[in-house]
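Inspection log for the structure reproduced underneath, given as structure tokens.
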Amino acid sequence: TTNGDNYALRISYTEPLSQHHILDFGYRINTNTSHNDKQSFDYDSVTGRWDIPDTLTTNKFFNRTTVQNFHAGFNADDTKFRYQLGLAVQLTDLDNQNYTLKANIVQHFTNWFPPANLIWTLAQGRTMRFGYSGYSSAPSIEQLQPLPDLTNPFLVKVGNPDLRQSFQHNMEAEYNSFNTKSLQNWQLSFQ
């Protein structure tokens, strides 16, 4: 039996400095709670039923992941260039409780990354865009729960409650050309 809840809240604020310059601030919090109760039974040849508890593949596990993200950015909109530069910090808390083994693992992570975007207007209808962003991903409850997955006996996977989060860097470039007379559009992007 697996169930979970996910709650998120996001707040943003912008402050104009001039006609073409803006400061933006934001905060986001996301809490994900998962419960996983796995019960397995072995065959009892005396009773002819599957009623002998299998302690190797039975486990009751709880995970709560809380992610907070703070960011501040500067936005400029000139005639040829529009850009955004900022700084963000992401705080992640993982709380894993293995009720079967009576073990609790708490982990805290802090990630800093600078989100940035640049849009360069080459000519009317033609732009180049460059961007960078980063984010972390917390492991799922299936990756954390310390039970063997015996679905494939040649590839037995076991969850790791000490598993750390992953962090991904995203860089992208995009060229866009739109002809307003012929309505022809060309886009080329790299990530």
Side-chain angles (χ1 to χ4, degrees), residues 1-13 24-73 86-117 131-172 189-191:
T1 305
T2 301
N3 59 43
D5 298 307
N6 190 29
Y7 300 99
L9 172 70
R10 181 179 180 160
I11 299 171
S12 296
Y13 175 75
D24 69 88
F25 303 93
Y27 171 74
R28 185 184 75 220
I29 184 168
N30 186 322
T31 299
N32 185 350
T33 303
S34 300
H35 299 269
N36 197 338
D37 187 5
K38 289 189 176 185
Q39 295 180 350
S40 300
F41 299 94
D42 291 329
Y43 183 73
D44 186 347
S45 58
V46 176
T47 63
R49 293 188 214 148
W50 294 86
D51 57 0
I52 300 175
D54 182 357
T55 57
L56 177 65
T57 58
T58 296
N59 186 265
K60 190 171 185 178
F61 198 82
F62 167 82
N63 167 261
R64 175 177 287 126
T65 302
T66 303
V67 178
Q68 297 182 76
N69 184 298
F70 302 90
H71 79 272
L87 183 61
V89 61
Q90 183 167 308
L91 308 172
T92 305
D93 293 317
L94 295 176
D95 180 11
N96 300 319
Q97 295 182 18
N98 187 334
Y99 293 119
T100 304
L101 299 178
K102 296 179 178 47
N104 186 22
I105 297 173
V106 177
Q107 298 172 318
H108 305 284
F109 305 101
T110 302
N111 291 305
W112 294 88
F113 52 95
N117 282 295
Y132 167 80
S133 62
Y135 67 91
S136 65
S137 297
S140 69
I141 196 164
E142 290 81 15
Q143 294 171 314
L144 294 168
Q145 193 169 16
L147 290 181
D149 180 359
L150 303 175
T151 309
N152 181 350
F154 299 108
L155 179 62
V156 176
K157 295 182 276 183
V158 179
N160 178 1
D162 291 320
L163 190 62
R164 300 173 61 84
Q165 68 176 355
S166 65
F167 191 83
Q168 183 170 346
H169 299 276
N170 294 320
M171 292 186 288
E172 54 190 340
S189 64
F190 296 99
Q191 278 192 330

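Any value given below was found using the heavy atoms of this structure, including those in side chains, with hydrogens, waters and symmetry copies removed.
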With side chain to side chain contact (heavy atoms under 4.5 Å, CB included) as the test, would you mind laying out the steps for Thr66 and Ile29 before giving the verdict? CA-CA 7 Å; Thr66 303; Ile29 184 168; 4.2 Å; yes
Heavy-atom pair of closest approach, residues Pro115 and Phe113: CD-O, 3.1 Å
Check each of Thr92, Leu94, Asp95 against Gln107 using the side chain to side chain contact (heavy atoms under 4.5 Å, CB included) test, and report the only one that passes. Leu94
Ring pair (Phe, Tyr, Trp, His ring centres under 6.0 Å) with Phe109: which residues, sequence neighbours excluded? none
Which atom of Ser40 lies closest to which atom of Thr58, heavy atoms considered: N-OG1, 3.0 Å
Tightest non-hydrogen contact, residues Asn98 and Pro146, listed as ND2-CG, 3.3 Å
Any side-chain donor-acceptor pair under 3.5 Å between Gln90 and Asn111? no
First locate atom CG of Leu144, then atom CG of Leu163, and finally report the distance between them rounded to the nearest 0.5 Å. 6.0 Å
Should the ring pair Phe62 and Tyr99 be called parallel, tilted or perpendicular, given that the plane angle runs from 0 to 90° and is split at 30 and 60? tilted
Side-chain touch Pro161/Phe61, heavy atoms, less than 4.5 angstrom: yes
Starting at OG of Ser133, measure out to CD of Glu172 and round the result to the nearest 0.5 Å. 6.5 Å
Taking every non-hydrogen atom, the tightest pair across Val158 and Pro148: CG2-CA, 3.8 Å
Rounded to the nearest 0.5 Å, what separates atom NZ in Lys157 from atom CD in Gln143? 9.5 Å
Assess the side chains of Asp5 and Asn32: does a donor N or O sit below 3.5 Å from an acceptor N or O? no
Kindly say whether the aromatic ring centers of Phe41 and Trp50 come within a distance under 6.0 Å. no
Residues, nucleotides or ligands: over 12 heavy atoms within 6.0 Å of Lys38 NZ: yes
For Asn3 and His35, does a side-chain donor sit closer than 3.5 Å to a side-chain acceptor? no
To the nearest 0.5 Å, how far apart are CG in Leu9 and CZ in Arg28? 11.0 Å
Classify the side-chain pair Gln68/Tyr27 by whether it contains a donor and acceptor separated by less than 3.5 Å. yes
For a 4.5 angstrom cut-off between non-hydrogen side-chain atoms, does Asn30 reach Asn6? yes
Side-chain heavy-atom pair Gln145, Asn59 within 4.5 angstrom cut-off: yes
Residue pair Asn63 / Thr65, side-chain donor-acceptor N/O under 3.5 Å: yes
Hey, are Gln191 and Asn170 close enough side-chain-wise for a donor-acceptor pair under 3.5 Å? no
Side chains of Ser136 and Gln165: do they bring a donor and an acceptor to under 3.5 Å? yes
If you round to the nearest 0.5 Å, how far is CG of Leu91 from OG1 of Thr110? 5.0 Å
Kindly compute the distance separating CG (Asp44) from CG (Asp51), expressed to the nearest 0.5 Å. 5.0 Å
Heavy atoms of Pro114 and Tyr132 approach each other most closely as O-CD2, 2.9 Å
For Asn152, give me all partners under side-chain contact (heavy atoms from CB on, under 4.5 Å), at least two apart in sequence or on another chain. Phe154, Leu155
Heavy-atom closest pair (Phe25 atom, Ala72 atom, distance to 0.1 Å) is CD2-CB, 3.8 Å
Residues in ring pair (Phe, Tyr, Trp, His ring centres under 6.0 Å) with His71, at least two apart? none
Answer yes or no: is there a donor N or O on one side and an acceptor on the other, between the side chain of Thr100 and the main chain of Lys60, under 3.5 Å? yes
